Structures are given as structure tokens and as C-alpha cells.
Amino acid sequence: MAESTKTPTTPLSERQREDRYDPQRIEEKWYARWQADPALFAAEPHDSSRKKYYVLEMLPYPSGALHMGHVRNYAIGDALARHMWMRGYNVLHPMGWDAFGLPAENAAIKNNVPPKDWTLRNIAHMKQQMKRLGFAYDWAREVTTCLPEYYRWNQWFFLKLYEKGLAYRKSSKVNWCPECATVLANEQVVGGMCWRHEETPVEQRELEQWFVRTTKYADELLNGLDQLEGWPEKVRTMQRNWIGRSEGAMVDFKIDGPSRRAGDKITVFTTRIDTIFGATSIQLAPEHPLAPDLVGNDPSLHAKVEDLIREQARARAADDFETMEKHGVFTGRYAINPFNQEKVPIWVANYILTGYGTGAIMSVPAHDERDYEFAQKYGIDVRVVILPRRTGEREEPMIPYTHKDSMLINSGEFNELSNEEAVVRMTAYAERHGFGKGTVTYRLKDWGISRQRYWGTPIPMLYCEKCGIVPVPEDQLPVLLPENVDITLQGGSPLGRVPEFVNATCPQCGGAARRETDTMDTFVDSSWYFYRYTNAQLNDRPLDTATVDYWFPIDQYIGGVEHAILHLIYSRFWTKFMRDLGLIHNDEPATRLFTQGMVIKDGSKMSKSKGNVVSPDDMVARFGADATRMYSLFATSPDRELDWQDAGVEGVHRFLSRVYRFVMRNAVNAPGASTSRDGNSAAVRQVQRKLHQTIRRVSEDFQGRWHFNTSVAAVMEFVNALYAAEEDITAGRFPAAVLADIQRKLVLLLAPFSPYLAAELWETLGEKDNLLRHPWPEYDPELAREEEIIYALQINGKLRSHVAVPAEAPEALVRERALTEEKVKAAVEGKQVVKVIVVPGKLVNVVVR
RNA sequence: GCCGGGAUGGCGGAACUGGCAGACGCAGCGGACUCAAAAUCCGCCGAGGUUCACCCCUCGUGGGGGUUCGACUCCCCCUCCCGGCACCA
């Protein structure tokens, strides 16, 4: 396009030629413009003809201020959102606040400020920080979970759960954190400690609690993981472990002798029914309901069982189960093995847990490590019933032999069967004779959602003396959380001390009723918030089905791996529950999940106690939002741990300065672009080649690997190439159209990473349209193609020289050039060339002998 | 114990399906500009040797073996670090 050189260029004002990059000036200017135009980052309605793209970052808890982990998370999501806008998608990119929770109550106690005020103030501040960082959120869709407009739907969902039998109340042993003064879900107990208080052992308390039947979906939650190919394998594995499905069988052993209240049989759970002929004892958990019965009136036995219970409780708290020595006590009683009618002794042992299976096992010392250890200690029989299948011969295996590649012996009519076959046949046999059945057990437990705290969603239930448990009628929602409540960490739920709240009328009989005073676990809030974003203002329904159908599933969800179990399993559950209500039609909330690495400093996690916290505000003040964000992407790939270095931010700031100064010096406004190599000098072609190679690299990173560190590096390389060519540019040896085109594309490439600078330079270049909706630059393979390739020359795999060959040269020519190159000739001299390997575009390896 | 991830210059990290190890950035060193400094621009920057005629040689991606014309990359064994699960029957 030679004629474009004749296009007149637009002169630039003195101010635009300002050569110092001042991020504060630029960012404040664009910040003001963006705030004035909320539609800029808004999603189009769901009847848009554009293809939709829903990119979501996990919503923060409004703790007071953003930390670098947030900045990194949102920088990734924002780059993706901006890129997808430029690719022409209708992008939904919302943000909100996970605003209920304990820290607000603690702040209330400490600073004498109501939790609501504290929370809303934090939200205002953090929202301001996000805006200053230039994150492109659709604030019209903001969701704040502590406001009645949101939490009323938590209550509505709770009523639905109750209606469907998925919410129920039961008294049970629950995890209690004395520090939080509340109950914890199993998922919130980490190694026997509270997830918020790493030093506080969790206690067990007997309490009446509301549970959500997550186990109803255990199988679907597990099987669904196979389809979630866009999720990290790590997260899928963690969820699989958490759900912990194991197939096995329940088998009833009749108790020999007199039976008492608790019954006349013990049901054991086993995954190895094939070894049942080798069962030489029954082992009960110390807390097994039959244990007190079986030890009868013997006070010393009772005391020993009590000791075992205490020991287990201690071990649970200290998390040292694995180091505990196995021991137990013989009850003096026997049970009958239903397969061979043998009498086996019943023991109570410290290594059996109440919470798994049935709390009772058949002990097969020959084929289980733990059983073997126990049997050795107490001289219990060890009977081999399984042989390694391969030996065939009756060669004694190493005891305990626990492998499944095996064959049965000493097992009556089941002898000679393989282990797989035996499991099937023996399970069927037990079912036929009515003393057992094949079952599946899970590690996953129902989700206890009651919290004895104030700052949460009130559970919409009433207790009436006449009618019992009565749900609050839907038309009486929301059950408002009262304000001005006296919060202390003692004496149960704070709401219980608010008579106006507690005292209510029974909707069934009109009599006096008492309100439920517990609130919901805050993980309820975050289990479905992303649906609310699709229509956050809707006031007669939690969501609009058609709108959700358009936007869901989420195309890309981004957050910390610490939510791999808690939040992400609850969210998946909630999605399945909503689907079964007919509200939505997707089975999973998100197609792709990305878990970014932690931000650390000087080798450890940023924390106040270590004094290594880097404040985003400080970084923005020193280097600007663009440099801060870009550094968080440039330092390493997003999935890895990021070691924060202020000097690195400074380096990115320097790079942005180079870009800024280059455009300020060379900005021209000329339409069109040179799309052909013809007629351009070698220097021009070289810069264009680098440009298009850069476009390819950055575009590919967005599509696949998300290695934004290499995207940014590629743009840096390109800018270095521009500096190398600047003498030619200044001398006017670049056609204006080409120069203008190069600069426009450079700015477009930077737009997802440093939006402020990109906006400023876009304007400097005389462009008027919205950068965010401007098409992403196309990579032109013709312009990107190398004209000449430098081949590496190897002799026997060792690098010896290089040779330049025209890019289009056929392999034979490459080969010939290589063999006639001086070094190669010298090396080959007097030797025999065995083989010549030509790797097109890369190297030639000459193998000589 | 099981599962997942990782180890590359002084530092953060590149090298995508086996093909020139160290892109890009930081720090450092040298030069230009300056009265000087900062900023900026240019150059050098794995180790050792030979030499600086900037050419060449040897070694080098946690350790040891292997496959291959060729290995950071694939296979086997081992060490260490991070994360998850775990007396799970």
C-alpha cells in the first residue's frame, strides 16, 4: 500500500510530546472517564446476538483492604475479560462481596462498631481500590451477600431444601471451635484444627443442628468430575478424595449369647468380603453403640472402653492418629461369622472410627496391615485365605498379603476364585441369605450449616409448642437480621438475646412460636452468588431462568486453590439442587476453572506477623496500577507461586515508560496498513515480522496456556526491536501508514495488561473508538514469515556452527549448504558421513564416524 | 503410606509436540550524555580454559543410570521442597 505514505499526518500538540511517563496523571484521567461511563464495562442483555463469555473471579471477603493475592486474581480475570471483549464476545465480568462472616463480629467487639457498618465501610474502600486498579467490572450487577435483597434468597432456598427433604435437623456430635464460639462443617476442620484458627483444636459437642443433605448428590458430584476437563486435575483429585467413595459390603455377624437393648447383631463394613473366611475377630469403635452392652456389667471393661474414647478424642485434637499404637480390649463376647458359622471374639479397638462405615469391622490379620499389627500384639489367629494368583502353587505369601491380584483358599465353596469374582459371588451369597448387602460408603458427610453467630443469614424456621418445627412462609421473607445486637462470643447465638426477634407467631396455629436463632454458614452465600449476577436486581425471584440459560455455565472461573474443596464442592451441590428444582438447566457451575498460585514475599506467605505484606495502594502510588497489574502477570506464569519483588514492578514501570516515550516521539495518524512485504525496506519488513510474530504469541497464550508472563515478554521484545529500528523511523524511512499501524497494534496488544496506558496512547494515536471493543489484531502469517533461517549445524549432536539459508529453500539445499560450510567440511574431512538429519527450520546434524 | 505439583545463572523465570539451554525482566559491570548526579540510551553478564583478533574448546538444567543422531524435555532408580488425603476397614 505505497499510496498510504502520501496520507497527511496529524501534528501532535506540545503536551502530547511530554516525554515523561507519569502513571498518576494518565490513570487518574482515565479513571475519571471510566467512572463517568458505567456502560463501558457492562454486559449486553441476554438476547444479544454476540456469543457470550462469562469470566468470573472469586468474590472477596471484605476484610478491609485488597491484598496482592486479590490483585493477581483480578489481573488475570481482567486481562481475559478485556481480551474477550476485543474478540467480539458479549462478556459478563461481575464482582461482589462475600460479606457475612465472623471477622465483622470480632471487629464489632474490638472496636465497638456494628458489623454492618464495618462491612459496608470495607466494601466501599475495596471497591474504590478495584476501580483505581482499573478492573473492568459491571458494577450494576454487584452482589453484596449481607444485604436482605440477597440473603432473602438464601432463606428462600433453605425453604426449598426443607421442602425437598434436603434440609433436616438432628442432634449430633458436631465440630465446635471454642475460638469462633460456633459449629464448623467437616470441611472447615483442618487437621483437627479450626480453618480460621490453626492453633485451636476443634472440640466435639452434642448439638441440635440444621444439615443439608449433600450426600444425596455424592455419586453425581463424584462422577461429574470426570466431565470437568477444564478443571485442574489437582482440584478434581482433591474432590475425589474428599467424597471418598468406597464400594464394599455390609455383613451382619450374630452375637453369640444374650442380647440386650442395642440388638443381637453387629454389622460390619468391608471392602474385602473376599477375605471373610480369614476373619478372626470383630473390632468395634470405642463409641460404637453396642460397646456398652457387650462389656456388660464389668466396671473394669467399661473403664477401659472409656479410656479408648478419651484417647481417640485426644488424638483427633492433636492430629496424631498415625503415631498412636494400636490397642484394644476383649469384651469377652463372641459373634458368629455367617459364612462359616465360626465363633469369633469381639474386641473394642482404638483404631476403629465411628464416623466411617458402620464403626465396626471384621478383622482379617492375614490380609490387612492394621489388623495384622493388632493380632500380633494380642495373639489373635492369623489365617491365610488369599494367595498371590501368579504363583498358582501353594506358596505362602508374605503376611499380611494385601494385594488384590489373588486367589481364594480356605474359603469353602469359594476356593480357587479370583478376588474380583469372589467379591461379586460372596456379596450375592450374603444378600441371598439375608445377612448382608453390597453398599457404597462415602467420606463426604452432610453439610452442617447452623452457626451460633450473629452476622449471617437467619435460618427461616420457627418452633411452635403445638406444631413443632414450622417453616417461615415464603411471603414473610426475608426474616430480617436485627441491628443493634449485643455481640459477645459467649452464651450461644447472639440472636437468642433479642426478644423482638425470637418471639414470633406460629403461621399454622397462630400461637406463640420461637424463631431459630442460629444463622447460616457463609458458604451458603457463596454457593450460588454467581447466578445472581445474571440479574442482580430481580426482586421476586432469585434468578431468571432464561437469563441464566444464556450465561451459564461460567466459561472461566478463577480463584485460589484453597477453595478447591469447601466452596467448589458446595457450589457444585447447589447447582445440582437448583437444577432439580427446575430453576436452571446446567449440571455444573463452571466449564473451566483456573487456580492461580499464591503471592509470597521473601520465601513465605505475606502476613502481618512476618511483616512482609506489600500493599497494592503503595505499589499503585509508586509505579501505577498498570505496572502493578502487569508485574503480577509478568513475574511468573499464573498457576505458579509468585515471589513478589518491588524491583520487578519498577522494571515493568520502566518498560511502560519505554512504550510511552516511543509513541510520544513517533505517533502518527494515518489510515490503512501495509499488509504486503513488497516495496518495504528490510528494516521495515523486520519490524513487521517481529510485530506479527508477537501478535501470534500473545494470541496463542490467551487461547491455550495462559502464560501471560511470556506474552508480556514477547511485547517487551517487540518494543526492544522498535528501539533498535528507531534511527530509521526518525529518519523517515518508515511509511506513515506502516508506522501508524505498528503503533496501533502495539497498543492493542497492551490493552488487556495495562489498560490505562493503552487508553491514553490510543487517544494519542488519534483513535476515537472504544479500545475495549476494537477488534483484537489479526496475525498475518505472510508478514510473520522469516525470509532467511539461521540453521544450527551440529556434528554428532554437538553445536559447531551456523548457516543462513533462505526460508523457502528445499531440504536438499539446506543439506548442501550445511555440508559445504567450512567447519562442517573440516570436521567431516577424512571421516565417513553416516547420516545427515535435517530438522526443517531448525538445524542440521551431521553424524560422522 | 497414597495422590498431585516442583527443583534451570547472583535473583524471578524462558525453552509449548525431543532439535542452538538461559528469551524477557531484576541485580551487577562497562560506556555515552552531564560540571556532577538521577533519568535515559548503548554494550557485557552460567562456570572453567584458551585468548580477549569477542574465535574456539570443555563442563553445565537436584543426583545416578538408560533410550536417541540429538534429552531441561521420554523411560527406570534416588534425594529434597510445596500442596492435598490418610489407622477409610
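Just the heavy atoms: all of them, side chains too, but no hydrogens, waters or symmetry mates, feed the values below. Letters A, B, ... mirror the listed sequences (proteins, then strands); counts begin at 1. For clarity, every value in this text was computed on a predicted model and none was experimentally measured.
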Nearest-Å distance for atom pair CD/P, residues Q693(A) and A14(B):
20 Å
Pull out every protein N or O sitting under 3.5 Å from an N or O of nucleotides 2-7 of chain B, one pair per line with the distance.
none

Enumerate all atom pairs, one protein N or O and one N or O from nucleotides 41-50 of chain B, separated by less than 3.5 Å.
residue	atom	partner	partner atom	Å
C41(B)	OP1	R658(A)	NH1	2.8
C41(B)	OP1	R661(A)	NH2	3.2

Residue list, salt bridge (charged side-chain N to carboxylate O under 4.0 Å, His left out) with E811(A), at least two apart or on another chain:
none
Is there a donor and acceptor pair, one atom on the side chain of H707(A) and one on the base of C16(B), closer than 3.5 Å?
no
Encode nucleotides 69-74 of chain B as B, S and - characters from 5' to 3', where the letter depends on protein heavy atoms closer than 4.0 Å: B to the base, S only to sugar-phosphate, - to neither.
B-----
Filtered N/O pairs between nucleotides 52-56 of chain B and protein, under 3.5 Å:
residue	atom	partner	partner atom	Å
C56(B)	OP1	K823(A)	NZ	3.1

Secondary-structure stems, RNA chain B, at least 3 Watson-Crick or G-U base pairs under 3.5 Å
B:1-7 with B:79-85, B:10-12 with B:24-26, B:28-32 with B:40-44, B:46-49 with B:56-59, B:62-66 with B:74-78
Do the rings of F339(A) and F435(A) sit parallel, tilted or perpendicular, given the 30° and 60° boundaries?
perpendicular
Contacts of R245(A) that satisfy salt bridge (charged side-chain N to carboxylate O under 4.0 Å, His left out) - sequence neighbours left out:
D219(A), E247(A)
Pick the nucleotide of RNA chain B nearest each of A647(A) and Y442(A); which residue has the one closer to the 5' end?
A647(A)
Any base atoms under 4.0 Å from G651(A), or only sugar-phosphate, or nothing? Heavy atoms, all strands.
sugar-phosphate
Interatomic distance where CG belongs to L284(A) and C1' belongs to C87(B) [whole Å]:
16 Å
Under the salt bridge (charged side-chain N to carboxylate O under 4.0 Å, His left out) rule, collect the residues that match up with K377(A), sequence neighbours excluded.
E325(A)
Set of ring-ring contact (aromatic ring centres under 6.0 Å, His included) partners for F702(A), sequence neighbours left out
H83(A), F708(A), F753(A), W776(A)
Listed partners of F594(A) passing ring-ring contact (aromatic ring centres under 6.0 Å, His included), at least two apart:
W706(A)
With sequence neighbours excluded, tell me which residues meet ring-ring contact (aromatic ring centres under 6.0 Å, His included) with Y378(A).
W347(A), F374(A)
Which donor-acceptor pairs under 3.5 Å do side chains of residues 270-277 of chain A form with protein atoms, sequence neighbours excluded?
residue	atom	partner	partner atom	Å
T270(A)	OG1	R272(A)	N	2.8
R272(A)	NE	D274(A)	OD1	3.1
R272(A)	NE	D274(A)	OD2	3.3
R272(A)	NH1	T402(A)	O	3.4
R272(A)	NH2	D274(A)	OD2	3.0
D274(A)	OD2	N419(A)	ND2	2.9
T275(A)	OG1	R272(A)	O	2.7

